[in-house]
Amino acid sequence: MANLGIKVEDVLKKFYEVQPDGRIKGLYAIREKGQPEGELLWYVFGSNNATYHSSGNDCVIRDINQSNSGYLGRLKAAFGKARQEERKIFWLVLVYGDSIGLPPSGYDWMASVELRVNLDRITASLSMRNYPVGKGRPGYFGPGYMRIDQDRYFSTTFISCKDEAGEFTSQYMDPYFRIYDNRPYHDIVEVVEEEAWEQDTDTEGFPAEAVPRLTGAENILLYGVPGAGKSHLIKAKYCDDAAYMERVVFHPEYTYSDFVGQILPQVEKVQGEETEERLRYRFTPGPFTRVLQKAWKDPGHYYYLVIEELNRGNAPAIFGEMFQLLDRKREEEDYPEEELGESTYGISSYDVAGEVYGDGTRQVRILSNLYVLATMNTADQNVFTMDTAFQRRWAMKPVRNDIAGARHADSRIEGSEVTWLAFASVINDLVLDANEQMISSEDKRLGAYFASPGELSVDRFPGKVLKYLWDDAFKMDRDILFGSRYKSLEDVITAYEEAPGDRLEAVLAEQVYRKMYSFRRGQ
């Protein structure tokens, strides 16, 4: 037997688009030639280099035993991924030989091998001694191959890679891949005993040689006044790459089904038929399940589930039983370092587990490389109240209202000599002084980015900022800010827009305007 240094993917690339999986070594996604972004047809898990056989005894599959746990781990991960995506998978090896009983003589062969036993129990090579000659399905195939059970280990099919002239061809491979159905969700790989599998893999069920899972992710709730920069902080401090994020906004109509997922009807074409369709009901994952799946598949990166306006929806109801997963293992509770950040307790959810792990019987947990980030405007805390049990599962972090640090802090409000920093600072002091007897009066303050740079213009500033101050912040005592001469918001905005001089001076109480005009940074 000799190693020829030719790999399965080298042959397949002649006829198909072959893309290596970014995570599982040896796994390849197969698409139509010339369509690298086209529909995924099937997966191939390639063997080691092709081998030449002349003994008639030696094997197609070598080194598939307990001592090669890395290979076995990758193989199981490959079948697991194909099962999850409901795609065919072929475990392929190349055989070059003239004395192993595979006529016609001189042909090269590709073997598709379906496992029928637990991977950890395969300790011998596949004997070729009694392999019969086959002709495939009548009318479909050329040179001989057929499916048989080889001992009790395999169901094996051989496909010719060359034509009669000795040139590589896809005329035998192409129909085989489309007709025979090796989908792993038909239980081609049987369940490996828990104890044996854990010996060969890490605690998450990945091959032992895989990238270690990052740890330490948390549930973090960022809160502050509207416009303080909570969403900007997520972008600047945590993540600004959509590939590693799922972002949602809670609102009164948002539900558990929207967030986690739900079973929905889908119309699918019947395999092998051009026009026939059927209605199937499938679990459609929501953002929670999608980001959990991403984090599971990619342990070497942190992922982020971002929930904007957490308290504008009924958060405990939206999380449902996933609420239990927010309890995380923390350092101060003396958990091993490699477990920090994962859920303390798992829950049973067949649909979610099937989508994430490819195994509905597994317990679902938030992973140690998945952050859950949420924002909340303290001014809106009465929209939906969050009980203590829900709040205690979050690291609560206030976001400082840094008006002086805003990029437009020193920009003048159009039509006035007053800067945004001076205006917002005086207003916020006035809010606290005027409402010191009111609960949560500080929530009414202007955030640093309550008005963006473009909203300091004459046509936008009064409709947004002055309206907020009239309708909300100073609703109970408008005379403090605007004086007693205005009876409606319409009067304020009209006076602002038609003022011949400083527009703020025209609508604000005199003492308030003087404070703004004389305001100095850092005072």
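Every heavy atom of this structure was used, including side-chain atoms; hydrogens, water molecules and symmetry mates were not.
Remark: Arg362 is positioned above the aromatic ring of Tyr357, its terminal NZ or CZ atom under 6.0 angstrom from the ring centre and at most 45 degrees off the axis. Geometrically, Lys294 does not engage Tyr303 in a cation-pi contact, judged by NZ or CZ lying under 6.0 Å from the ring centre and within 45° of the ring axis.
Salt bridge annotation for Lys235-Asp241: absent, with no cationic side-chain nitrogen under 4.0 angstrom from a carboxylate oxygen.
In summary, the side chains of Tyr256 and Glu321 do present a donor paired with an acceptor at a separation below 3.5 Å, with no hydrogens or angles considered. If you check the side chains of Asn219 and Arg393, you find no donor sitting under 3.5 Å from an acceptor.
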- Message: Before you tell me yes or no, could you show the steps for Thr344 and Tyr335 under side chain to side chain contact (heavy atoms under 4.5 Å, CB included), namely the whole-Å CA-CA distance, both residues' side-chain angles and the distance that decides it to 0.1 Å?
- Response: CA-CA 10 Å; Thr344 305; Tyr335 285 104; 3.5 Å; yes
- Message: ring-ring contact (aromatic ring centres under 6.0 Å, His included), that's the test. Do Phe45 and Phe90 meet it? Break it down for me.
- Response: CA-CA 6 Å; Phe45 189 84; Phe90 296 88; over 10 Å; no
- Decide side chain to side chain contact (heavy atoms under 4.5 Å, CB included) for Glu309 and Asn377; before the verdict, give the C-alpha distance in whole Å, the side-chain angles of both, and the deciding distance to 0.1 Å. CA-CA 7 Å; Glu309 310 287 354; Asn377 289 327; 3.5 Å; yes
- Applying side chain to side chain contact (heavy atoms under 4.5 Å, CB included), run through Leu292 and Val364 and close with a yes or a no. CA-CA 9 Å; Leu292 189 60; Val364 177; 3.7 Å; yes
- Query: Can you check side chain to side chain contact (heavy atoms under 4.5 Å, CB included) on Leu326 and Phe319, steps first, answer last?
  - Reply: CA-CA 10 Å; Leu326 293 174; Phe319 270 87; 4.0 Å; yes
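Separation of atoms CD1 (Ile89) and OH (Tyr28) is listed at 12.5 Å; rounding is to 0.5 Å. Taking CZ from Phe288 and CG from Leu370, the interatomic distance works out to 7.5 Å, rounded to the nearest 0.5 Å. Atoms CZ and CZ, from Phe15 and Phe168 in turn, are 7.5 Å apart once rounded to the nearest 0.5 Å. To the nearest 0.5 Å, atoms OH (Tyr244) and CG (Asn369) are separated by 11.5 Å. Atom-to-atom distance recorded for Leu310:CG and Ile318:CD1 is 8.0 Å, nearest 0.5 angstrom. For the atom pair CD of Gln262 and OG1 of Thr289, the computed distance is 11.0 Å after rounding to the nearest 0.5 Å.
Here the options are Arg330, Glu218, Arg328, Glu331, the test is side-chain contact (heavy atoms from CB on, under 4.5 Å), and the partner is Leu340; only Glu331 passes. Under the side chain to side chain donor-acceptor pair (under 3.5 Å) rule, Arg31 has a single partner from Glu39, Glu17, Gln19, which is Gln19.
When side chains are defined from C-beta on, Arg213 does not count as touching Glu338, because their heavy atoms never get closer than 4.5 Å. Put simply, the side chain of Ile234 reaches to within 4.5 Å of the side chain of Thr375, judged on heavy atoms. A heavy-atom distance below 4.5 Å is not found between the side chains of Leu325 and Tyr345. Two residues are said to be in side-chain contact when any heavy atoms from C-beta on lie closer than 4.5 Å; Leu222 and Leu373 fail this criterion. Within the 4.5 Å cutoff, no side-chain heavy atoms of Tyr223 are placed close to those of Asn311.
Listed for the Arg87 side chain is no donor-acceptor partner under 3.5 Å among the backbone atoms of Ala82. Judged by distance alone, the side chain of Gln391 and the main-chain N or O of Thr388 form no donor-acceptor pair under 3.5 Å. Formation of a donor-acceptor pair under 3.5 Å by the Lys81 side chain with backbone atoms of Asp21 is not found in this model. Put simply, the side chain of Asp471 never gets that close to the backbone of Tyr468: no donor and acceptor are under 3.5 Å apart. Formation of a donor-acceptor pair under 3.5 Å by the Ser368 side chain with backbone atoms of Leu214 is found in this model. Remark: the backbone N or O of Arg290 is not paired with any side-chain donor or acceptor of Glu246 at under 3.5 angstrom. The closest donor-acceptor contact from the side chain of Thr215 to the backbone of Glu339 lies at 3.5 Å or more, if one exists at all. With hydrogens and angles disregarded, no donor-acceptor distance shorter than 3.5 Å links the side chain of Arg365 to the backbone of Ile347. Proximity of a side-chain donor or acceptor of Lys88 to a complementary backbone N or O of Val44 within less than 3.5 Å is not detected.
Between Val260 and Phe283, the closest heavy-atom pair is O-CZ, 3.7 Å. Nearest heavy atom pair, residue Ser348 against residue Gln363, reads OG-NE2, 4.2 Å. Scanning both residues, Pro287 and Asp258, for their nearest heavy atoms gives CD-O, 3.2 Å. Nearest heavy atoms, Met245 versus Cys239: CG-SG, 3.5 Å. Looking at every heavy atom in both residues, Lys329 comes nearest to Ser343 through CE-O, 3.7 Å. Scanning both residues, Thr169 and Met173, for their nearest heavy atoms gives O-CE, 3.1 Å.
The aromatic rings of Phe390 and Trp394 sit tilted relative to each other, their planes meeting at an angle between 30° and 60°. Ring geometry, Tyr16 versus Phe177: the interplanar angle exceeds 60°, so the pair is classed perpendicular (tilted spans 30 to 60°).
Other residues, nucleotides and ligands place no more than 12 heavy atoms under 6.0 Å from the NZ atom of Lys467. Counting heavy atoms of neighbouring residues, nucleotides and ligands inside a 6.0 Å radius, atom NZ of Lys237 does not exceed 12 of them.
Remark: aromatic rings of Tyr371 and Tyr302 are close, center separation under 6.0 Å.
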